[in-house]
2 protein chains.
Amino acid sequence: MKPTDAELEILHVLWASGPSTVRQVHDQLSRNREIGYTTALKLMQIMYEKGLLSRDDSSKTHTYTAAVSEEDTQRGLVSRFVETAFRGSASRLVMQVLGQHKASREELDEIKRLLNQLDHDND
Amino acid sequence: MKPTDAELEILHVLWASGPSTVRQVHDQLSRNREIGYTTALKLMQIMYEKGLLSRDDSSKTHTYTAAVSEEDTQRGLVSRFVETAFRGSASRLVMQVLGQHKASREELDEIKRLLNQLDHDND
DNA sequence: TGTTTACTACGAAATTATTCGTAGATAGAT
DNA sequence: ATCTATCTACGAATAATTTCGTAGTAAACA
């Protein structure tokens, strides 16, 4: 399943905040940009139909939950992105990102650890 | 400038092959998927209007050239992707990619070199 | 109880991206 | 000179995404 940009915004809110009502999600989205309440509602309904969200409609005000994990979703997005933007070359993507973004010492160290880990797997 | 997926396909052809006619680009695209000749033509005309391509129309058969560099374009795509998919956390993207894709020994070494380089810049 | 408020459902408009058909022009072959 | 193949331009159909208005209903409140 490939969430659209608008759907990703909503998933991010739910991943960060846990189960939420449309009202709560809309409040969050409104911090970043103009968006009508029914727009958020409609998106969440569509996502529910697609299986991206689950919901509890036992009370009048429904509560929505992300039905896909952040990890799995990002894995899928990365695969697609590596293909379309880097023609499959993951390492070129990595180098582009590292060259472009300031990462903290801790982050760099963590990446190094991961690299060493990968080295050992290869041996 | 944010190229769409279809536009990226065409840019990749031009980056790899250099200045090309619509016919040549279409032939390349056809290797991967069904696409009509006039579809490719129209896309390239639109990209020309947007400034993504330049063209030489001195002869009947026009020759198109990428007007944006692969580097700059990928930089922009990465920025956008880090924002929408990883809420700005570049290091999480890197780790996701490294964990997910098999990179060759040479690629891993190159990434390590880059990391050491960044370390020194930080000092 | 009657009124206001908050919510969902639904349809459809608006926007963006992708696709292709048709028409007209030019160049090359016979 | 005519015919055929190839090219561009252009308009418009299709599809995918995002947006919101309206209607109906239930809850909260005066």
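Residue numbers start from 1 in every chain, and the chains themselves are labelled A, B, ... in the order their sequence lines are given, proteins ahead of strands.
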Student: Across the strands shown, which category fits Q45(B) at heavy-atom distances under 4.0 angstrom: base, sugar-phosphate, nothing?
Tutor: base

Student: Rounding to an integer number of Å, can you tell me how far Y37(B) OH sits from dA5(D) P?
Tutor: 16 Å

Student: Between P on dT16(C) and CG on D5(B), what's the gap in Å once rounded to a whole number?
Tutor: 17 Å

Student: Of the options dT18(C), dT22(C), dT18(D), whose atoms approach the side-chain atoms of T38(B) most closely?
Tutor: dT22(C)

Student: How is T61(B) classified with respect to the nucleic acid when contacts are heavy atoms under 4.0 Å: base, sugar-phosphate, or nothing?
Tutor: sugar-phosphate

Student: Base, sugar-phosphate, or nothing for T4(B), non-hydrogen atoms under 4.0 angstrom?
Tutor: sugar-phosphate

Student: Taking the side chain as every heavy atom from C-beta outward, state whether Q28(B) and Q24(B) have any atom pair closer than 4.5 Å.
Tutor: no

Student: For T39(A), which contact category applies under a 4.0 Å heavy-atom criterion: base, sugar-phosphate, or nothing?
Tutor: base

Student: Applying salt bridge (Lys or Arg N to Asp or Glu O under 4.0 Å) as the test, list every pair that has at least one member in residues 37-49 of chain B; sequence neighbours left out.
Tutor: none

Student: Expressed as a whole number of angstroms, how long is the span from L41(A):CG to dT18(D):C1'?
Tutor: 14 Å

Student: Working to the nearest 0.5 angstrom, can you tell me the gap between M95(B) CE and E110(A) CD?
Tutor: 4.0 Å

Student: Quick check on contacts: within residues 51-60 of chain A, what sits under 4.0 Å from DNA chain D by heavy-atom distance?
Tutor: K60(A)

Student: Kindly point out which of dA9(D), dC10(C), dT18(D) is positioned nearest to the side chain of K42(A)?
Tutor: dC10(C)

Student: Check the distance between dT17(D)'s C1' and E7(A)'s CD and give it to me in whole angstrom.
Tutor: 9 Å

Student: For residues 19-75 of chain A, pull every pair meeting ring pair (Phe, Tyr, Trp, His ring centres under 6.0 Å), keeping only residues two or more places apart or in separate chains.
Tutor: H26(A)-Y37(A)

